[in-house]
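Only one structure is covered here, and it is reproduced in the block below.
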2 protein chains.
Amino acid sequence: MECTEIKKFLNTNGIKNTKQRNLIYDILSSTKNLITAEDIYLKLINIDTSVSLSTVYRILDIFVDKGIVLKSNMIGTDKNVFEINHLEHEHHLICLKCKKVVHIENCPLTEFEHNVEKDTNFSITGHNLELYGYCPECKEK
Amino acid sequence: MECTEIKKFLNTNGIKNTKQRNLIYDILSSTKNLITAEDIYLKLINIDTSVSLSTVYRILDIFVDKGIVLKSNMIGTDKNVFEINHLEHEHHLICLKCKKVVHIENCPLTEFEHNVEKDTNFSITGHNLELYGYCPECKEK
DNA sequence: ATTGATGCAAATAATTTGCATGTAC
DNA sequence: GTACATGCAAATTATTTGCATCAAT
């Protein structure tokens with residue numbers, strides 16, 4: 001979503017368009033990796049000292065709720081991480097040592113999900129897939 | 001792993017074979033769903049009143065470390081869940097409403113992982129896949 | 001003007017740690 | 001007997017909440 005689109009989106013969803021919400025949206029947009037609430041907060045206080053961590057959590061909750069942002073849990077650290085919901089479906093490959101994240105464009109699961117739906121009679125709404133291992137640099141050691 | 005095998009395994013890995021460790025192993029073995037540390041603790045105090053929650057966490061850490069147990073994070077609740085590492089590779093389908101868990105036997109990712117290894121030059125050691133949606137009962141409503 | 005958003009501090013929830021005691025080897 | 005395991009209580013970490021104030025519509 002473009003920067004101007006997000007403002008309209010917020011308005012049409014009855015969410016006030018505040019400075020904090022726009023800043024957090026901008027930070028998420030310009031972050032390629034998965035980012036924690038704390039790290040968003042740290043970036044924010046470099047821009048504008050009066051922001052609170054609870055506001056970050058509250059805004060992230062709203063964004064997740066509206067589907068603008070995806071929340072997941074970083075393996076190893078018990079922390080939640082966030083990212084913009086790029087609508088092109090994609091997954092992550094995470095280095096267990098340096099925590100580097102690489103985006104994987106194609107997803108092999110669509111057909112698999114259909115088969116599972118038939119087998120189980122569930123209605124499948126999504127999935128969660130992360131690959132992990134060691135990146136070229138870390139695997140040497 | 002059989003009940004007797006686990007004892008040998010612990011011994012050969014320099015881990016003392018205690019009552020608590022065996023009880024926790026038994027609970028995990030007989031639990032089909034994903035289970036939290038707290039729920040393991042609750043089952044334990046029904047058997048033997050003097051067990052502590054921190055011991056549960058400590059033992060789970062060891063089991064995860066040795067690869068006997070898998071740890072993951074339940075979507076929606078920010079809690080970690082545990083299960084025996086059945087060596088037959090499998091995944092879960094989780095109902096977002098009632099949290100029912102269904103096991104999915106086959107995994108479509110082996111070939112995909114090889115392709116990603118080639119593309120990225122990572123050494124991939126594993127992956128994390130959960131499907132989610134609504135189960136036959138919950139999807140009606 | 002009204003309603004919802006924010007900052008701050010305090011509360012909660014999950015997990016971890018320090019330390020004295022207990023137990024397997 | 002020694003070294004590691006445990007229970008308990010206290011500490012830590014991530015996240016949430018209450019409430020007075022502030023800002024967007």
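Note that these values count all heavy atoms, side chains included, but never hydrogens, waters or copies made by symmetry. Numbers restart at 1 for each chain; the letters A, B, ... are given by sequence-line order, proteins then strands.
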State whether the side chain of B:N22 and the backbone N or O of B:T18 hold a donor-acceptor pair below 3.5 Å, judged by distance alone.
yes
Gap between atoms [atom1] and [atom2], on [X] and [N] respectively (whole Å):
X: B:Y57; N: C:dG18; atom1: OH; atom2: C1'; answer: 18 Å
X: A:R58; N: C:dG7; atom1: CZ; atom2: C1'; answer: 8 Å
X: B:N17; N: D:dC4; atom1: CG; atom2: P; answer: 16 Å
X: A:R21; N: D:dA24; atom1: CZ; atom2: P; answer: 11 Å
X: B:E38; N: C:dT12; atom1: CD; atom2: P; answer: 16 Å
X: B:L60; N: C:dT15; atom1: CG; atom2: P; answer: 10 Å
X: B:I59; N: C:dT16; atom1: CD1; atom2: P; answer: 14 Å
X: B:N22; N: D:dA5; atom1: CG; atom2: P; answer: 13 Å

Got a donor-acceptor pair under 3.5 Å from the side chain of B:K16 to the base of D:dA3?
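Looking at the base of D:dA3, it does pair with a donor or acceptor on the side chain of B:K16 (distance under 3.5 Å).
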Establish, with yes or no, whether the OP1 or OP2 oxygen of D:dA5 is under 4.0 angstrom from a side-chain nitrogen or oxygen of B:T55.
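For D:dA5, neither OP1 nor OP2 has a side-chain N or O of B:T55 closer than 4.0 Å.
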Is the phosphate of D:dA14, meaning OP1 or OP2, less than 4.0 Å from a side-chain N or O of A:N80?
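Result: no.
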Hey, are A:D78 and B:K71 close enough for a salt bridge, meaning a charged N less than 4.0 Å from a carboxylate O?
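Salt bridge flag = yes for B:K71 with A:D78.
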Any carboxylate oxygen within less than 4.0 angstrom of a Lys/Arg side-chain nitrogen, looking at B:E137 and B:K100?
yes
If you measure from SG on B:C135 to CD on B:E140, what distance do you get to the nearest 0.5 Å?
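If I round to the nearest 0.5 Å, the distance is 9.0 Å.
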Could you state the interatomic distance from CG (B:L28) to CG (B:L23), rounded to the nearest 0.5 Å?
11.0 Å
Is B:S54 touching bases, backbone alone, or none of the nucleic acid, heavy atoms closer than 4.0 Å?
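The answer is base, as B:S54 lies within the cut-off (heavy atoms under 4.0 Å) of a base atom.
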Describe the nucleic acid contact of A:Q20 in one word from base, sugar-phosphate, nothing, applying a heavy-atom distance below 4.0 Å.
sugar-phosphate
B:T18 or A:D78, whichever maps to the more 5' nucleotide of DNA chain C:
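Here A:D78 is the residue nearer the 5' end.
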